[in-house]
Amino acid sequence: MSRAFFVTTPIYYANAEPHIGHTYTSVVADMLVRWHRQRGDDAWSVSGTDEHGEKMVEAAEKRGVDPAAFTEKISQLHQHTWAELDLVPSAFVRTTDPRHVRNVQEILQRVWDAGWIELREYEGLYCVGCERFLTERDMVDGLCRDHERAPETRRETNYFFLMSREFGWLRDHIQANPEWIAPERYRNEVLGMLRDASGLGDLSISRPKSRLAWGVELPFDRDHVCYVWFDALISYLTGAGYPDDPKFPERWSAAEHLIGKDILKPHAIFWPIMLKAMGLAPYRRLHVHGYWNVDDRKVSKSLGNMISPLAMRERYGFEPFRYFLLREMSFGLDSSFGEDALVERVNADLANNLGNLVSRALNLVEKGFDGVVPPATTAFDADRHVMQRAIDTVQRVDAAVGALQPSQALAAILDYASDLNRYIDERAPWKAGKSEPGSEAKELAGTTLHNACEGLRVIALLLAPFLPEAARGIATRLGLDDLIGRSRLPNDAMAWGQVPAGTRVAKGAALFPRLEKPAE
RNA sequence: GGCGGUGUAGCUCAGUUGGUUAGAGCAGCGGUUUCAUAAGCCGCGUGUCGGCGGUUCGAGUCCGCCCACCGCCA
């Protein structure tokens, strides 16, 4: 019986091209979906583009186009990028999509009818230059920071989502479910926001059309459009098939959100309260990751100071980049990206350790056993150790993925590659090269290489969600083309003996060629 | 200003409920091997565990104060 799994990335704000931050979140989501499918789960993912809001209008005006054309272009760019990188989500939601707009309006009407929304007159300091209300932070000595002019007092009517009366149960929910927001540091931050809720009031969810026309029209007041989060967060429901996809209920019950730490508050506070207002259960978990810091000086001039995933693919291949992202960031903390670090990491782990292991093991099979996997005829301590370590590794990887620590999962897989390198060294099967078939030395060499191939099969299977292309590369070289497709985690990874003696292997080209550091 | 986090080898980080000589990976140095992608394997780390003080038979690991950086809130 397959279990449901549902993961979302944020819908990316459509004012910028895909960069390293978007790529990281999408890679993690992709890895989780592959991991769950490899387990036989029914996995679904959602990503998309957030296309409404003031900033979008500004960005479009700056380029002299209308918002619809502008966001269309950026959204296409995102979709094209994810397609190129094999990171296509099950559903890609654009907030301008009519189906989504319909959902937002239906929900707004329902929440309005249930008394969760109130019209209020808002008075504040408005800067004509900025065309918006200012906060204290926007002002210096009573003047607008950007325009150096005095703001005027203005009144405006906004619709407010009555959120502040709900903080009590939300805090209880967070306290009763320690794993609901992870890592723990962010859970504490949210509890902090709720503890001293003075700064958190009700949420303004509308703008008068006179000021902002680009948005979803409120169904109960045609003169206003929906503003920011209310519209954006609902995209997760749209992507899950709301309201009438038969799979929506089970998907929603399994929902896990991946976000960067900059959008913690909307996801940890606004969203659960919105869900309650519309009569839906809270999502299952919220996973918060940190920022990628980029050291401009060390980024090649040809790339500029933005890390474009397509440019990285051009230069290093996408899987090495993907490996670096997953291996280098401890989920939840900030990390830094540098090309030198990428090259060092990939060469040490993938080329020298794993890639070379594949190369030497299959070369030994080709030269010593005519390219055919020999049978294992004995089992000494060293052989049993290699089998046992496969099981340990599966368990370590399983635990790491469960805890959303991809870096630890990869570390465990590469540790096992080191074990196999040591095992081959100890046995030195190349020394039996000229021994008679059937001799003790030849039999032991055969056993060693048989187990080495088994170990590589386990590695390929575990690696598949992280580096799908490389995993297929290992499987193909082992002569097991359908390995990834027919195997299930974790059982097939723990069951030794699925590379039959007699399988024809092919060393082929280097799995991970060594990379060169960019010239300064 | 309030709340919280972080500060451990050149770099990135592990360090369970306090307990023997503080660990790993990478980089570096030395050795070895030659099946392999100038890869593998073996060996080499006395670092005031940010500082000061305290609790304790014993603290990186608990408490207080201070410093630095970061985050959230104001």
Side-chain angles (χ1 to χ4, degrees), chain A residues 135-137 167 181 183-201 260-269 288-291 293 295 298 320 324 327-338 340-369 371 382 396 400 405 407-408 410-435 445-446 448-449 452-453 456 470 473 477 505 507-517:
Chain A
T135 64
E136 282 181 29
R137 228 177 296 175
F167 295 152
I181 300 173
E184 197 179 5
R185 59 198 311 154
Y186 297 109
R187 173 174 179 264
N188 289 337
E189 265 184 26
V190 174
L191 284 172
M193 295 175 204
L194 290 171
R195 190 180 309 125
D196 186 15
S198 56
L200 268 179
K261 62 184 183 180
D262 52 323
I263 50 177
L264 176 60
K265 198 199 304 186
H267 285 79
I269 296 179
V288 188
H289 66 75
Y291 292 148
N293 296 310
D295 184 346
K298 288 185 181 169
F324 183 82
R327 177 66 186 84
E328 200 75 6
M329 175 171 269
S330 175
F331 193 93
L333 304 177
D334 291 356
S335 286
S336 40
F337 175 83
D340 284 355
L342 182 152
V343 170
E344 281 172 16
R345 172 62 82 182
V346 167
N347 283 346
D349 292 358
L350 298 183
N352 297 352
N353 187 356
L354 178 55
N356 184 52
L357 169 66
V358 171
S359 179
R360 67 192 302 211
L362 297 187
N363 185 62
L364 287 164
V365 174
E366 287 189 345
K367 291 196 177 152
F369 296 88
R396 277 181 71 191
Q405 285 299 340
S407 59
Q408 289 176 17
L410 285 168
I413 295 171
L414 270 294
D415 276 355
Y416 189 51
S418 286
D419 286 341
L420 293 173
N421 267 319
R422 264 191 295 276
Y423 172 66
I424 291 175
D425 268 297
E426 283 165 17
R427 283 286 171 77
W430 52 89
K431 287 183 178 164
K434 296 185 180 76
S435 305
T448 304
L449 294 177
C453 289
L456 286 175
R477 285 169 177 75
V505 304
K507 177 183 168 187
L511 185 63
F512 300 108
R514 288 176 61 84
L515 302 178
E516 305 242 342
K517 288 185 186 179

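Protein chains get the first letters and strands the later ones, always in sequence-line order, with residue 1 at the start of each. Excluded from the calculations below are hydrogen atoms, water molecules and symmetry mates; all remaining heavy atoms, backbone and side chain alike, are included.
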Pairing nucleotide - [N], Watson-Crick or G-U, each distance under 3.5 Å:
N	result
rC62(B)	rG54(B)
rU17(B)	none
rA68(B)	rU6(B)
rG30(B)	rC42(B)
rG25(B)	rC11(B)
rG1(B)	rC73(B)

Considering only atom [atom1], compute the distance from [N] to [M] and round it to an integer number of Å.
N	M	atom1	result
rA24(B)	rG15(B)	P	15 Å
rG7(B)	rG47(B)	C1'	15 Å
rC11(B)	rG53(B)	P	26 Å
rC3(B)	rC44(B)	C1'	46 Å
rG19(B)	rA59(B)	C1'	9 Å
rC42(B)	rU33(B)	P	15 Å
rG58(B)	rU21(B)	P	14 Å
rG23(B)	rA9(B)	P	14 Å

Non-hydrogen atoms of [X] and [Y] that approach each other most closely:
X	Y	value
Ala361(A)	Ala452(A)	CB-CB, 4.5 Å
Ala470(A)	Phe512(A)	CB-CZ, 3.3 Å
Phe369(A)	Leu449(A)	CE1-CD1, 3.6 Å

In whole angstrom, give the distance that lies between atom [atom1] of [X] and atom [atom2] of [N].
X	N	atom1	atom2	value
Leu414(A)	rU12(B)	CG	P	20 Å
Arg345(A)	rG25(B)	CZ	P	12 Å
Arg187(A)	rG5(B)	CZ	P	13 Å
Leu191(A)	rG2(B)	CG	C1'	16 Å
Arg327(A)	rG25(B)	CZ	P	12 Å
Leu194(A)	rG2(B)	CG	P	21 Å
Asp340(A)	rC26(B)	CG	C1'	13 Å
Lys261(A)	rG5(B)	NZ	P	15 Å

Q: Starting at OG1 of Thr448(A), measure out to CG of Leu364(A) and round the result to the nearest 0.5 Å.
A: 10.0 Å
Q) In Å, rounded to the nearest 0.5 Å, how long is the span from CG of Asp349(A) to CZ of Arg327(A)? A) 6.0 Å
Q: Let me know, please, whether Asp415(A) or Tyr186(A) comes out on the 5' side of the other along RNA chain B by nearest nucleotide.
A: Asp415(A)
Q.
Within the 4.5 Å heavy-atom criterion, are Arg477(A) and Leu456(A) side-chain neighbours or not?
A. no
Q: Indicate yes or no: does Glu189(A) engage Lys265(A) in a salt bridge with an N to O separation below 4.0 Å.
A: no
Q.
Check this for me: does any side-chain nitrogen of one of Arg422(A) and Asp425(A) sit under 4.0 Å from a carboxylate oxygen of the other?
A. no
Q: Would you give a per-nucleotide map of nucleotides 30-40 of chain B, 5' to 3', where B means the base has a protein non-hydrogen atom under 4.0 Å away, S means only the sugar-phosphate does, and - means neither?
A: ----SBBB-SB
